[in-house]
Amino acid sequence: MSVAEDHPELSIVIPLYNESANIDALHERLLAVLAKLGRPFEIIYIDDGSSDGTADILRRIHNNADSIRAVIFNRNYGQHAAVAAGFEQARGEIVVTLDGDLQNPPEEIPKLLEKIDEGYEVVGGWRKERNDSPPRLFFSRFANRIAARIVGVETNDYGCMLRAYRRSVVDRIRACAEGSIFIPALANSFAASVAEVPIAHAPRRFGRSRYTPLALLRLNFDLMTGFSLMPIQLVSVTGILVAVFGLAFALFLLLRRLIVGPEVEGVFTLFAILFFFVGVQILALGLIGEYVGRIYMEVRRRPRYVIKEMLN
Ligand code: UDP
Ligand code: MG
C-alpha cells in the first residue's frame with residue numbers, strides 16, 4: 001500500500017442494504033469520477049446485513065483493488081448506523097457519503113468538493129427535483145421544516161445523504177455515543193459553516209426504497225426526538241390551548257343553559273370534542289413513551305452495530 005493510500009485525501013462512504021443489482025454500475029461510475037478528480041481516495045462500502053449476496057460482490061470488488069474497503073454487519077442496523085461505521089473507518093481528510101442505489105449520481109461529488117475547498121465544514125446535497133413518490137415528498141418537506149427549526153441551521157434537504165464532511169466534523173460525530181443518530185442533523189449542529197448545493201436526483205434503478213413506512217417513521221423520530229424537546233413541549237402547549245378552549249366552551253354551555261334552558265341536542269358534538277381530547281392525550285402519552293424508550297435504549301448502552309467481517 002502506498003503512502004497515499006494510507007492517508008487518502010478522500011473517503012467515500014456508501015451504505016448498502018440489498019443493493020446487489022446496483023453495486024457494479026455504481027462502482028464503475030464512482031471510479032470514473034474519482035479518476036478524474038485525481039485525489040488519493042478510498043471507498044468504504046458498508047453491507048448493512050444484506051441477504052442478497054451484496055457481501056460477495058464486495059469481496060469480488062475488494063479483490064481487485066487496494067483502495068476499496070468494506071465493513072460487513074451481522075444484521076440490518078439501518079442506514080445511519082452504517083454511515084457511522086463508515087465514519088469510524090474513514091481515514092480521509094474529507095468524507096463523502098452517498099446512497100448505494102444510484103439515486104445520488106456520483107458525478108455530483110466534484111460539486112460538493114468545490115464547496116469544501118472553499119472552506120465549508122459540511123456541504124449537503126439538495127435534491128431540488130426529487131424522484132420519489134408524492135407522499136414521501138410531502139412528509140419529507142414537513143420533516144425538513146421541523147429539522148431546520150430544531151437543528152437551527154436552515155438548509156433545504158436534511159434527508160439527502162449525498163454530502164461531504166471535513167475531518168473535524170467527522171471526528172465530532174464519532175465522539176457522539178448515543179445509540180440512534182441522524183447524521184446530517186448531527187453534522188449541521190456541529191459544523192461552523194454549512195453549504196448546500198443543488199444536485200440531480202435519479203429514480204431508483206433497481207429494487208424499491210429499503211425504507212418501509214415504519215422504518216421511515218422511526219428515522220423521523222430519531223430526527224425529531226433525538227435533537228430536542230420541542231415535540232413534547234409542543235404537546236404541552238397544545239394541552240394548555242385545549243384546556244383554555246375547554247374552559248371557554250364550558251362557560252358558553254353554562255350561559256346557554258341559563259338563557260336557552262336545558263337541551264339534549266349537541267350530545268354528539270360533545271362526543272367529537274371528547275374524542276379530540278382523548279386523541280391529544282394518547283399522542284402525548286405516546287410521545288412521553290418515545291422519550292422514555294429512548295432513555296432506556298441509551299442507558300442500556302448497546303453497541304450501534306456489530307461487525308461480522310472487515311475487508312481492508
Ligand atoms: N440502506 C441501508 N440500511 C437500511 C436502509 C437503507 O444501508 O436499513 C441504504 C440503501 O441500501 C441505500 C441507502 O441506504 O444505499 C438509501 O436507502 P434507500 O434508497 O432505500 O432510501 P431512499 O432513497 O428511499 O431514501
Ligand atoms: Mg434511494
Side-chain angles (χ1 to χ4, degrees), residues 12-30 43-58 61 69-90 95-106 108-109 124-144 147 156-163 179-185 199-223 304-309:
I12 314 286
V13 168
I14 306 178
L16 302 167
Y17 182 42
N18 293 332
E19 302 290 2
S20 60
N22 292 313
I23 302 174
D24 281 313
L26 167 69
H27 193 63
E28 206 170 294
R29 280 170 59 182
L30 188 58
I43 305 175
I44 304 172
Y45 289 107
I46 301 95
D47 175 12
D48 185 15
S50 304
S51 54
D52 68 341
T54 289
D56 295 327
I57 298 178
L58 291 182
I61 290 178
R69 309 165 63 199
V71 180
I72 298 165
F73 284 176
N74 68 340
R75 66 167 192 81
N76 180 242
Y77 292 95
Q79 181 181 9
H80 290 258
V83 171
F87 278 11
E88 211 51 56
Q89 297 300 320
V95 178
V96 173
T97 60
L98 71 153
D99 286 351
D101 60 352
L102 282 170
Q103 285 199 273
N104 300 145
E108 301 284 35
I109 293 176
W126 172 17
R127 299 164 293 181
K128 242 178 160 169
E129 261 139 68
R130 242 179 107 169
N131 276 296
D132 281 318
S133 64
R136 184 80 193 267
L137 294 183
F138 175 78
F139 285 111
S140 279
R141 200 166 303 145
F142 178 66
N144 247 316
N156 292 296
D157 199 344
Y158 270 89
C160 181
M161 287 301 274
L162 177 51
R163 293 176 161 263
S180 48
I181 51 173
F182 193 96
I183 292 186
I199 50 151
H201 189 243
R204 205 175 217 288
R205 243 176 120 237
F206 290 106
R208 25 201 307 228
S209 174
R210 298 298 177 242
Y211 280 100
T212 59
L214 189 66
L216 214 53
L217 188 71
R218 232 179 253 145
L219 183 71
N220 277 296
F221 262 121
D222 279 348
L223 177 59
R304 229 178 248 156
Y305 49 80
V306 175
I307 294 174
K308 187 170 81 178
E309 188 186 341

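From a predicted model like this one, the values you see are computed outputs, not experimental measurements. As the structure lists them, so they are numbered: ligands from 1, and atoms in each ligand from 1.
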Chi angles and distances behind the side chain to side chain donor-acceptor pair (under 3.5 Å) call for T54, D47: CA-CA 7 Å; T54 289; D47 175 12; 4.9 Å; no
Test side chain to side chain contact (heavy atoms under 4.5 Å, CB included) applied to D157 and N144, step by step: CA-CA 6 Å; D157 199 344; N144 247 316; 4.1 Å; yes
Stepwise side chain to side chain contact (heavy atoms under 4.5 Å, CB included) test for H201 and L162: CA-CA 10 Å; H201 189 243; L162 177 51; over 6 Å; no
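Taking backbone and side-chain atoms together, S209 has no N/O/S atom less than 2.8 Å away from the Mg ion (ligand 2).
Salt bridge annotation for E19-R204: present, with a cationic side-chain nitrogen under 4.0 angstrom from a carboxylate oxygen.
Residue R204 places a heavy atom under 4.0 Å from ligand 1. Assignment of R136 to the shell around ligand 1 is supported, since a heavy atom sits closer than 4.0 Å.
Annotation: cation-pi pair R75/Y77 present, NZ/CZ under 6.0 Å from the ring centroid and within 45° of its normal.
With hydrogens left out, the protein atom closest to atom 17 (O) of ligand 1 is Y211 CE1, 4.0 Å, a heavy atom. The protein heavy atom nearest to atom 9 (C) of ligand 1 is P15 O, 3.8 Å. From the protein, the heavy atom lying nearest to atom 1 (N) of ligand 1 is Y17 CB, 3.7 Å.
Evaluated by nearest non-hydrogen atom to atom 19 (O) of ligand 1, the leading choice among L216, D48, D101, N76 is D101. Of the candidates Q103, Q79, R130, it is Q103 that places a heavy atom closest to atom 23 (O) of ligand 1.
Residues M161 and H80 form a side-chain contact, since some pair of their non-hydrogen atoms from C-beta on lies under 4.5 Å apart. Between I109 and L30 there is a side-chain heavy-atom pair separated by less than 4.5 Å.
Looking at R208 next to ligand 1, no N or O pair under 3.5 Å apart turns up. Residue-to-ligand polar distances place S209 within reach of ligand 1: an N/O pair is separated by less than 3.5 Å. At least one N/O-N/O distance between G100 and ligand 1 falls below 3.5 Å.
Across all their heavy atoms, Y45 and H27 have their closest contact at OH-ND1, 2.6 Å.
Numbered from 1 in the order shown, with element, the atoms of ligand 1 that lie under 4.0 Å from a heavy atom of R210 read 5 (C), 6 (C), 18 (P), 20 (O). Shown in contact with E19 at under 4.0 Å from a heavy atom are these atoms of ligand 1, numbered in order with element: 10 (C), 11 (O), 12 (C), 15 (O).
In this structure, the separation between CG on N74 and CG on D48 is 10.0 Å, given to the nearest 0.5 Å. Taking OG of S140 as the start and OH of Y158 as the end, the distance is 14.0 Å to the nearest 0.5 Å.
Of the heavy atoms in N18, none comes closer than 4.0 Å to ligand 1.
The Mg ion (ligand 2) sits nearest to atom OD2 when only the N, O or S atoms of D101 are considered.
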